[in-house]
Structure formats: structure tokens, C-alpha cells
Amino acid sequence: MKQEKKSLKTEKIILGIDPGTTIMGFGLIKIIGKEMKFLQLNELQLQKYSDHYLKLKLIFERTIELIDTYHPDEIAIEAPFFGKNVQSMLKLGRAQGVAMAAGLSREVPITEYAPKKIKMAITGNGNASKEQVAKMLQSLLGLKTLPKNLDSMDGLAAAVCHFYNAGKVEVGKSYSGWGSFVKQNEKRIKK
């Protein structure tokens with residue numbers, strides 16, 4: 001009878017990614033029924049590499065490694081914020097793109113969230129600081145300590161935001177594969 005009850009619970013793993021070309025933060029949570037369980041958080045340190053293309057390759061490879069190790073059912077990724085520095089935005093967009101490409105290559109559905117939406121989901125304040133988001137996640141998931149760099153917490157925050165937004169009609173852009181991505185981004189295609 002216990003075995004039957006366990007199989008009725010829905011379980012899934014969500015990988016959250018905060019893409020960056022200096023540090024890529026990521027976190028994983030497991031959903032059992034309606035409860036979150038912390039699995040892992042970490043970051044990929046990229047500042048020691050000067051070649052931008054090598055950084056993109058490493059982001060792609062690390063994302064594939066995470067997918068192949070943890071078999072996430074869904075990926076939540078933080079969308080690049082709009083800043084004044086066009087070069088920084090371009091680099092962030094590329095980092096996000098290769099992380100998305102890794103997920104799409106393994107046919108893992110991806111949803112992207114604006115930074116303010118993630119902060120709002122975690123703290124109730126779209127202008128919350130990184131520290132406020134980290135402290136709230138620490139409380140929600142029962143984490144004993146916080147990492148020195150909070151980029152990994154940003155990846156974890158994307159995953160938790162995705163969990164909180166599950167089943168809501170408008171959560172962000174979602175892609176279930178290349179066809180879905182192309183269909184939702186037809187204006188980007190040169191004819």
C-alpha cells in the first residue's frame with residue numbers, strides 16, 4: 001500500500017540557471033507533490049578564461065553535464081536584464097542562448113523569467129537585493145549556510161520561481177524544442 005501512495009505523487013526536477021560569462025550560477029530542486037526539496041547549487045567560474053567563445057563552450061558543456069547527471073524535467077533560466085552597456089547585454093544573451101541550446105538539444109522544456117519576476121516570486125518584492133533573495137531561499141529550503149558568491153542562489157531562485165509559477169497561464173516564454181522556439185520567434189528569422 002505504501003508503494004502505491006508513493007507512485008501517485010508527482011515528482012519532477014527543476015534546473016534553474018543564472019547565465020553569465022563571468023559566473024554561471026545554477027541550482028536544482030526536486031518537487032514531490034506540492035513540496036520543494038533542495039538538491040544542489042553551485043557555480044561555474046569563468047573569470048580565468050579570456051576567450052569569450054571558450055566561455056560559451058564551457059557553459060554549454062556544463063549545462064549538458066547537469067542535464068545528463070540530474071535529468072531535470074524542466075529548466076528555468078533568468079532572462080538578461082536590459083542595461084545601458086550593449087556589449088554586456090550581448091555577452092549575457094549569448095551565455096543564455098548556449099545554456100538554452102543545451103537544454104533544447106536534450107529536449108528539456110525551458111522557461112525564461114525576468115529578474116524582477118524571480119525576485120517578486122521569492123520575496124514579494126521585484127526590487128529585492130541579491131542578499132534578500134538568498135536569505136528567503138535559505139529559509140524556504142532550510143539551507144544551513146549561504147555560498148560566498150550569490151550567483152548560484154540566483155540560479156536556485158529561477159528554479160523556485162518556476163515552481164511557484166507552475167500552472168499559471170502567463171509565466172514567461174516557454175520552449176519545448178527547436179520547433180517551438182522558432183515558431184515563437186518568427187520575427188528573428190531572416191527571409
Side-chain angles (χ1 to χ4, degrees), residues 12-31 34-44 59 63 66-67 72-86 88-104 108-141 143 146-147 149-177 180-181 183-185 187-188:
K12 70 178 169 182
I13 294 175
I14 301 171
L15 168 61
I17 300 174
D18 177 29
T21 55
T22 304
I23 300 173
M24 177 184 94
F26 57 89
L28 289 127
I29 57 173
K30 185 173 191 170
I31 308 305
K34 294 184 180 188
E35 293 184 30
M36 283 186 293
K37 180 183 173 200
F38 170 76
L39 289 180
Q40 196 216 33
L41 70 110
N42 210 332
E43 53 199 30
L44 174 62
I59 290 167
T63 305
L66 288 166
I67 293 167
D73 298 285
E74 298 168 2
I75 295 174
I77 192 163
E78 185 172 315
F81 57 90
F82 295 99
K84 292 179 182 175
N85 187 330
V86 176
S88 292
M89 280 192 56
L90 179 62
K91 287 178 180 177
L92 276 175
R94 287 176 174 170
Q96 182 197 33
V98 296
M100 290 172 77
L104 292 169
V108 181
I110 299 168
T111 304
E112 55 182 319
Y113 295 93
K116 281 187 178 258
K117 177 128 181 147
I118 293 171
K119 291 175 181 181
M120 179 65 96
I122 305 303
T123 67
N125 177 2
N127 294 314
S129 68
K130 271 184 179 272
E131 292 77 14
Q132 289 171 317
V133 172
K135 286 287 189 189
M136 184 60 84
L137 287 171
Q138 184 178 24
S139 175
L140 286 169
L141 297 168
L143 304 176
L146 291 175
N149 293 325
L150 297 179
D151 295 277
S152 56
M153 295 300 282
D154 291 344
L156 188 61
V160 172
C161 172
H162 187 66
F163 167 67
Y164 284 152
N165 282 282
K168 293 189 179 171
V169 177
E170 190 150 336
V171 293
K173 291 185 178 179
S174 285
Y175 310 114
S176 57
S180 168
F181 177 83
K183 191 172 185 177
Q184 291 184 42
N185 292 281
K187 291 180 184 175
R188 292 184 180 184

Lys37, NZ atom: more than 12 neighbouring heavy atoms under 6.0 Å: no
pair His162-Ile75: side-chain heavy atoms closer than 4.5 Å: no
Donor-acceptor contact below 3.5 Å, side chain Asp151 vs main chain Met24: no
From CG (Leu156) to CG (Leu141), nearest 0.5 Å: 5.5 Å
side-chain contact (heavy atoms from CB on, under 4.5 Å) evaluation trace for Asp18 with Ile118: CA-CA 11 Å; Asp18 177 29; Ile118 293 171; over 6 Å; no
Name every donor-acceptor pair, under 3.5 Å, that has one atom in a side chain of residues 119-126 and the other anywhere in the protein, sequence neighbours excluded.
| residue | atom | partner | partner atom | Å |
| --- | --- | --- | --- | --- |
| Lys119 | NZ | Ala128 | O | 3.2 |
| Thr123 | OG1 | Lys119 | O | 2.8 |
| Thr123 | OG1 | Asn125 | N | 3.0 |
| Thr123 | OG1 | Asn125 | O | 3.1 |
| Asn125 | OD1 | Asn127 | N | 2.8 |

Side-chain heavy-atom pair Leu15, Glu74 within 4.5 angstrom cut-off: no
Exercise: identify the closest heavy-atom pair between Lys117 and Cys161: O-SG, 4.0 Å
Taking every non-hydrogen atom, the tightest pair across Met36 and Tyr164: CE-OH, 3.6 Å
Step-by-step side-chain contact (heavy atoms from CB on, under 4.5 Å) determination, Leu44 to Thr63: CA-CA 10 Å; Leu44 174 62; Thr63 305; over 6 Å; no
NZ on Lys130 to CG on Asp154, rounded to 0.5 Å: 3.5 Å
side-chain contact (heavy atoms from CB on, under 4.5 Å) between Leu137 and Leu41, worked out: CA-CA 12 Å; Leu137 287 171; Leu41 70 110; over 6 Å; no
Gln138 side, atom CD; Glu131 side, atom CD - distance, nearest 0.5 Å: 12.5 Å
Met153 and Val133: CA distance, side-chain angles, deciding distance, side-chain contact (heavy atoms from CB on, under 4.5 Å) verdict: CA-CA 8 Å; Met153 295 300 282; Val133 172; 5.9 Å; no
Heavy-atom closest pair, residues Ala159 and Ile29: O-CD1, 3.6 Å
